[in-house]
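Have a look at the structure below, then the notes.
Note that the numbering runs from 1 along the sequence shown for the chain. Atoms within each ligand, like the ligands themselves, are counted from 1 in listed order.
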Amino acid sequence: MSTAAGYTGRFAPSPTGPLHFGSLLAALASYLDARALKGRWLIRIEDLDPPREQPGASDLILRTLDHFGLHWDGEVVYQSQRLELYAELLQRLIDQGLAYRCRCSRSDLKLRDALYSYDGHCRIHPPDAEAQCAIRALCSEQTVTFEDLIQDRQIWQHEDGRDDFIIFRRDGLFAYQLAVVADDHAQGVTRVIRGSDLLDETFRQLQLQQHLAYPTPEYGHIPILLNKLGQKLSKQNLAPALNTDKAVKQLWEALHLLGQNPTPSLQRASNRELLDWAVTHWQRDHIPRTLAIRSSGS
Ligand SMILES: [Zn+2]
């Protein structure tokens, strides 16, 4: 368990658009858990995929967090400024035989019915030296388990090779997992509270932490919010941006969904009063494992 003094948490949005209510839930849960245990709370902007990013989104996200009263510690870290570190770790994994070059294109994978579950092809048939390749990390453990702080014990089982995952893309961009593991370690993150849409990624990150001999943070995955079509609230599904004119209302609603039972009178409080109340009364074990469907428009 993290001790109060050593707790470091973080919120790590991608600047693909403005924050929506689903991102507020994740940010708020992570913020409150850290603050309730007198921990640090950091912000990291995961800007590794320029084609998917929206100009100005990073600044907008930071302004929105600030407006909601979710104040962070220290400097904001931008992944786009840390490519040297990722390149160094990538090389280390290759040198240690824990990652390998893969030249399979999407159509190759489709032909071999390996699009959603890789078949380990390039483990056995290494590509030519000059071929343009992605890099895959080995998934050597066939059973990965961890105790989730909210969802309880999680177990991931897979066949050898079928879950080797991409950490560097053929188009020359670093993939999500390597950067996240590198930064969580470099920033001393001890506990990650985030949405359960990232549960599968957690297993991959545990593998990478093992490969790199990094300690594993504690993880807690809050339930994800669905729109009325049963889809995850996300930028892709056009979830509405947070309304900064109604910060208190949205914070109150987020607290309610997180099982924190804010009293109705707190709807008339200021952001600060509401957040201070929430830090003092934070009960992580009241967070439900699943969430009721919320209408998309509100
Ligand atoms: Zn391959």
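- With hydrogens and angles left out, the side-chain atoms of Arg194 and Thr202 include a donor and acceptor closer than 3.5 Å.
- In this model, no donor atom of one side chain and acceptor atom of the other lie less than 3.5 Å apart for Asn243 and Gln250.
- In this structure, Arg136 satisfies the cation-pi test against Tyr118, with its NZ or CZ atom closer than 6.0 Å to the six-membered ring centre and inside 45 degrees of the ring normal.
- The OH atom of Tyr86 lies 5.5 Å from the CG atom of Leu48; values are rounded to the nearest 0.5 Å.
- Defined by atom type and a distance below 3.5 Å, a donor-acceptor pair is missing between the side-chain atoms of Tyr176 and Asp49.
- Counted by atom type alone, Ser30 and Trp41 present one or more donor-acceptor pairs between their side chains at under 3.5 Å.
- The distance cut-off of 2.8 Å around the Zn ion (ligand 1) captures these protein N, O or S atoms, sorted by chain and number: Cys102 SG, Cys104 SG, Tyr118 OH, Cys122 SG.
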